[in-house]
Protein chains: 2
Amino acid sequence: MNTDPYAILQTHLQSRAPLTTEECETMLSRFRLKKVKRKQFIIQPEYVAKYRNYVVQGALRAYVTDENGIDNTIQFAVEDWWITDYNSYIYQQPATMFVTAIEDSLILQLDFESEKMLKAANHKFETIFRIMAERTAAFQQRRIISALTRTAKERYQDFADRYPLVLNRLPQYSLASYLGMSTEFLSKIRNNKV
Amino acid sequence: MNTDPYAILQTHLQSRAPLTTEECETMLSRFRLKKVKRKQFIIQPEYVAKYRNYVVQGALRAYVTDENGIDNTIQFAVEDWWITDYNSYIYQQPATMFVTAIEDSLILQLDFESEKMLKAANHKFETIFRIMAERTAAFQQRRIISALTRTAKERYQDFADRYPLVLNRLPQYSLASYLGMSTEFLSKIRNNKV
DNA sequence: AGGAAAAATTGAAGTAGTTCAAGCAATTTG
DNA sequence: CAAATTGCTTGAACTACTTCAATTTTTCCT
């Protein structure tokens with residue numbers, strides 16, 4: 001099993017559209033490797049999200065802070081997932097989110113200008129980003145349905161069933177806010193106190 | 001002002017990527033015009049969503065039904081918007097949603113196989129669908145943030161501010177479920193009984 | 001390893017929003 | 001136009017979940 005970060009990303013990209021060796025080279029050369037320490041921020045409100053981030057190793061979370069200073073987790077990302085402030089990145093406008101590392105992590109960053117260039121240069125690259133966007137949209141639609149139709153307990157159970165291994169890597173308070181409930185209530189669900 | 005449905009769609013597509021006359025022709029020829037009567041369904045659970053639908057005239061809504069038989073509105077679409085069961089369409093799997101007309105409507109339908117062919121045939125077409133998917137994802141992320149961080153009253157106010165003209169075209173019960181509250185509670189918000 | 005900080009747990013009190021039920025208004029359809 | 005259906009309103013009772021506060025457990029850091 002290969003542990004070279006670029007080789008891992010290459011496999012990921014190849015699964016979306018088959019690339020020649022040269023194409024792979026072109027694409028991968030635009031990504032830069034970055035180590036992120038636990039609690040370090042890679043995106044902060046008011047700054048434009050310059051990068052789309054592929055997680056090679058580790059775990060990160062994106063959250064917004066409401067007027068009461070409460071964190072609300074919008075997204076998690078572990079190995080083989082992507083994370084950014086999507087609205088900020090796509091439209092290159094100031095972010096509203098924080099993105100921070102839950103664990104020491106290793107990520108591959110693609111900057112917006114390079115992405116733009118890649119999309120324009122090669123139909124296959126465009127296809128890769130199109131597929132990524134479609135899957136993001138489909139995923140989020142499922143999440144919206146879950147938020148609208150399920151109880152707190154059901155939302156937790158669904159998450160636990162779908163991502164059993166991710167579960168124990170996430171601080172409870174961050175999972176609670178991701179699932180739209182308080183950390184106390186999630187604790188009670190987990191310990192059958194409801 | 002041109003009222004030819006295909007001309008309207010053409011303007012919409014051109015705003016995403018400039019197309020030659022011939023390219024327009026190729027793309028538009030794949031859409032078929034369909035009239036939908038109020039209350040008529042264009043997508044139903046268990047059947048695969050065969051089409052992506054562009055609204056030329058009218059209004060439609062997508063909803064799921066939970067185990068108690070309650071409607072939960074997932075999406076609205078009026079003029080110049082798109083609607084489908086996104087998960088069903090993208091993955092060509094059985095739908096979980098109903099999509100139905102709120103008003104007598106006129107839509108342009110693109111079937112999945114044609115879309116696939118168009119994406120493969122021309123880089124520009126791929127770009128158009130990539131942009132659509134990106135915007136869908138960005139829109140849905142904003143909606144998730146709103147659901148997690150705002151009160152029922154704030155969610156209603158945000159919607160009313162952003163879509164003042166759409167507001168009076170939607171049945172209240174459907175807007176209530178879109179915003180994640182009961183129709184009674186939305187009624188009270190509107191009449192300042194909270 | 002040990003002290004400090006962060007996170008999780010628990011119960012009690014509170015509340016944002018739901019459910020129910022009944023009446024009223026508006027719209028649709030024959 | 002009348003009758004029926006559908007949608008909206010209102011208040012009262014309820015509940016799923018939050019907030020608060022105190023304690024315990026776990027993790028972090030040198």
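A, B, ... follow the sequence lines: proteins, then strands. Residue 1 opens every chain.
- Cation-pi geometry between A:R143 and A:Y178 is met: the NZ or CZ atom falls under 6.0 Å from the ring centre, inside 45° of the normal.
- The distance from the OH atom of A:Y51 to the CD1 atom of A:I42 is 10.5 Å, given to the nearest 0.5 Å.
- Closest to the side chain of B:T151, out of D:dT18, C:dA8, C:dG17, is C:dG17.
- Between B:L186 atom CG and D:dT9 atom P the separation is 8 Å, expressed in whole Å.
- Among the protein residues, B:F185 comes within range of the nucleic acid bases, having at least one heavy atom under 4.0 Å from a base atom.
- If you check D:dA21, D:dT10, C:dG17 against the side chain of A:E184, the one that comes closest is D:dA21.
- The CZ atom of A:R190 sits 8 Å away from the P atom of C:dA8 (whole-angstrom rounding).
- Atom-to-atom, OH of B:Y173 to P of C:dT27 comes out at 13 Å; the value is rounded to the nearest Å.
- Proximity of B:Q172 to the phosphate of D:dT9: a side-chain N or O atom is located under 4.0 Å from OP1 or OP2.
- Cation-pi check for A:R61 over A:Y63 is met; the charged atom lies under 6.0 angstrom from the ring centroid and within 45 degrees of its normal.
- The six-membered or imidazole ring of B:W81 lies away from that of B:H12, with a centre-to-centre distance of 6.0 Å or more.
- With hydrogens and angles ignored, a donor-acceptor pair closer than 3.5 Å exists between the side chain of B:K188 and the base of D:dG11.
- In this structure, CG of B:D71 is placed 13 Å from P of D:dT6, rounded to the nearest angstrom.
- Comparing A:S182 and A:R38, the nucleotide of DNA chain D nearest to each residue sits closer to the 5' end for A:S182.
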